[in-house]
Number of protein chains: 2
Amino acid sequence: MVSFEGFRPEGSEPIYLQIVGFVKRGIVSGEIPDGDELPSRRMLSALLGVNPNTVQKACRMLEDEGILVSHAGAKSYVACTPAKREALRGELVVSGAAAAALKLKEMGVTLEEAIKLISKAWEED
Amino acid sequence: MVSFEGFRPEGSEPIYLQIVGFVKRGIVSGEIPDGDELPSRRMLSALLGVNPNTVQKACRMLEDEGILVSHAGAKSYVACTPAKREALRGELVVSGAAAAALKLKEMGVTLEEAIKLISKAWEED
DNA sequence: CCAACTGTGTTATTCGAGTAGTACAGTTCT
DNA sequence: AGAACTGTACTACTCGAATAACACAGTTGG
């Protein structure tokens, strides 16, 4: 069963996109294995304190991307082949690192300084 | 005069917040010096292709934070003491690095891998 | 002075995200 | 079979972001 313990909606990004991102990152990290069961829409919405429709929208998006399999009446399961997992990893990690690097660089931070800051943040978490 | 050449609204983040962030990063990088003149609301909205009210909302927020000085009828100028600039730098750089580190770490990326990715993204931009 | 700018404020409208409640159909298990 | 779940669909509503079109007051330069 996929655990949503470390997840709380925050910031201005739409909640359903945050849910999608959370699941994707969980898959990439290996924390969410292939075939893992997803909590029901109602269960999950209660756990996260958000509306069932918001959860449904996230699930719909995950299903459209082929990461989730849902059948009416039955439970939902994560379906992610190793190939798709690698593609996801590339998509998320590279874009994430690039976006962070771009913003830091834009502020006049040197590469050495950036590495130092990243390393420091790494420890503190 | 503050240049908005490298700026285009994108993503789900509200445009007025993106404008605020752009100006803040410009100040931190030194690209926008203290006392620099800001394009008028109408001029800026035409340049960015957004509504004057959206620009006004961003300017209002910057003024509330003491980064911008506006007088009715007169032009607007950036007003940022060295101390405030350092505070901004800390706020943006540290939080940016921390957010990047958190996301990468969450995906099971090692620190060495993260540094490698950041370095690569640094060159490519 | 006066025309052309500047910032500011107001009202109305559109649009998407999120909330709320309900209904329906398929499955799973006893 | 029947109860209890499951996903799915739908409508109505609130709220904030963004747009649009103004009106008003202060500043500036010819």
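Lettering follows sequence order; numbering is per chain, from 1. Quick note: numbers below take in every heavy atom, side chains included, and nothing from hydrogens, waters or symmetry partners.
- Taking the side chain to side chain donor-acceptor pair (under 3.5 Å) definition, one finds that B:R41 meets it with B:Q56, B:S70, B:S76, sequence neighbours left out.
- Of all heavy-atom pairs spanning A:A101 and B:A121, the tightest one is CB-CB, 3.8 Å.
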Using distance only, find each side-chain donor-acceptor pair of residues 7-22 of chain B under 3.5 Å and give its atom names and separation, not counting sequence neighbours.
residue	atom	partner	partner atom	Å
B:Q18	OE1	B:E10	N	3.0
B:Q18	NE2	B:E10	O	2.8
B:Q18	NE2	B:E13	O	2.6

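- Summarising the geometry, the separation between CD on A:E37 and C1' on D:dT6 is reported as 11 Å, rounded to the nearest angstrom.
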Could I get a table of every N or O pair under 3.5 Å where one atom is in the protein and the other is in nucleotides 13-17 of chain D?
residue	atom	partner	partner atom	Å
D:dA17	OP1	B:Y16	OH	2.9

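- Comparing C:dG7, D:dG7, C:dG9 by their nearest atom to the side chain of A:R41 picks out D:dG7.
- Put simply, CE on B:M61 is 17 Å from C1' on C:dT8, counting in whole angstrom units.
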With the criterion being N/O to N/O and under 3.5 Å, what pairs connect the protein with nucleotides 10-12 of chain D, and how long is each?
residue	atom	partner	partner atom	Å
D:dC10	N4	A:N53	OD1	3.4

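- Rounded to a whole Å, the CG atom of A:L44 is 13 Å from the P atom of D:dT8.
- Residues A:H71 and A:R42 both approach DNA chain C. Their nearest nucleotides, taken by heavy-atom distance, put A:R42 toward the 5′ side.
- With rounding to whole Å, B:N51 atom CG is found 15 Å from C:dT14 atom P.
- Contact annotation for B:E63: backbone-only contact, meaning every heavy-atom pair under 4.0 Å involves sugar-phosphate atoms and none involves a base.
- Judged as a side chain to side chain donor-acceptor pair (under 3.5 Å), and not counting sequence neighbours, B:E37 has no contacts.
- Nucleotide D:dA9 holds its C1' atom 9 Å from the CD atom of A:Q56, rounded to whole Å.
- The stretch residues 72-80 of chain A comes close to DNA chain C through A:A72, A:G73, A:A74, each having a heavy atom under 4.0 Å from the strand.
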